Amino acid sequence: ETGVTQTPRHLVMGMTNKKSLKCEQHLGHNAMYWYKQSAKKPLELMFVYNFKEQTENNSVPSRFSPECPNSSHLFLHLHTLQPEDSALYLCASSQDGQGPKNIQYFGAGTRLSVL
Amino acid sequence: DAKTTQPPSMDCAEGRAANLPCNHSTISGNEYVYWYRQIHSQGPQYIIHGLKNNETNEMASLIITEDRKSSTLILPHATLRDTAVYYCIVVSGANSKLTFGKGITLSVRP
């Protein structure tokens, strides 16, 4: 148990569906991250939030819409996805987004399949 | 951020030490070396990090060469549960952004 909980663990959706991924951290951290891990590819950073403000968007398509209502919760809203968006989506948190000593703690991920 | 180079895979026998190498020849003075691992279908797990001194914790030891151009992660007594992909990452002094590469797949055999 890392203190970072992601739900759901598995999700199957059609290309016209709208769904949301949820991440919650119980570590008192102020920075939260979304990563994507496609099959046989390295993890790719998607978004970074620091003290509820988005500080990084790594050229992610607009069909992925993040939301960070408070420092403990992070959502990824999905709509009109493509089959190539099927991947493991990982959430992480760290004390804050500044400096190199921030250890990131990861959730177990949501395995998304887009049909 | 400096890039890292790791062999694609290695194996070791259960109970023996696993020494995982990493090259980071372009590392700059304020960049840290971090190691994470990812067991199949789980999220990455932090192992250890260091700047220039060797570090040890309950999971592993990190040996950084004096010129800081390479490092070795040592798992002193590997178990089957240590089978995973291990990522060596150089982190900038300006932020805590992690850039993952392909890592090294460690297979621990009985």
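Chain letters run A, B, ... following the sequence lines, proteins first and then strands; every chain starts at 1. Remember, predicted model here, so these are calculated numbers, not experimental data.
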Might you point out which heavy atoms bring [X] and [Y] nearest each other, and give the distance in Å?
X: B:Y34; Y: A:N102; result: OH-N, 3.6 Å
X: B:Q42; Y: A:L88; result: O-CD2, 4.5 Å
X: B:G43; Y: A:L90; result: CA-CD2, 3.6 Å

Report whether [X] and [Y] are members of the same hydrophobic cluster (ILVMFWY, side-chain heavy atoms less than 4.5 Å apart, transitive linking).
X: B:I63; Y: B:V33; result: no
X: B:M59; Y: B:L75; result: yes
X: A:F75; Y: A:L11; result: no
X: A:V60; Y: A:W34; result: yes
X: A:F64; Y: A:M15; result: yes

Decide yes or no for A:V48 and B:K97: does some side-chain heavy atom of the first lie under 4.5 Å from some side-chain heavy atom of the second?
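A:V48 vs B:K97: side chains apart.
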
Just verifying a value: how many Å separate B:I48 CD1 and A:I103 CD1, rounded to the nearest 0.5 Å?
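The CD1 atom of A:I103 is 10.0 Å from CD1 of B:I48, to the nearest 0.5 Å.
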
Look up atom CG in B:L98 and atom OH in A:Y33, then write down how far apart they are to the nearest 0.5 Å.
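Reported value, rounded in 0.5 Å steps: 7.0 Å.
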
A:E56, part contacting chain B, at a heavy-atom distance under 4.5 Å
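Side chain only.
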
Proximity breakdown for A:L43 and chain B, heavy-atom pairs closer than 4.5 Å:
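A:L43 touches chain B through backbone and side-chain heavy atoms alike.
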
Residue-level interface, residues 9-18 of chain B with chain A, non-hydrogen cut-off under 4.5 Å:
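Listed by number: none.
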
Contact residues of residues 100-110 of chain B (partner chain A; heavy-atom separation under 4.5 angstrom)
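Listed by number: B:F100, B:G101, B:K102.
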
May I ask you to list the residues in residues 104-114 of chain A that approach chain B closer than 4.5 angstrom, counting heavy atoms only, ordered by number?
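Contacts with chain B: A:Q104, A:F106, A:G107, A:A108, A:R111.
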
B:Q38: what forms a side-chain hydrogen bond (donor to acceptor under 3.5 Å, both in side chains) with it, not counting sequence neighbours?
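If we apply the side-chain hydrogen bond (donor to acceptor under 3.5 Å, both in side chains) test to B:Q38, skipping adjacent residues, the hits are A:Q37, B:Y87.
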
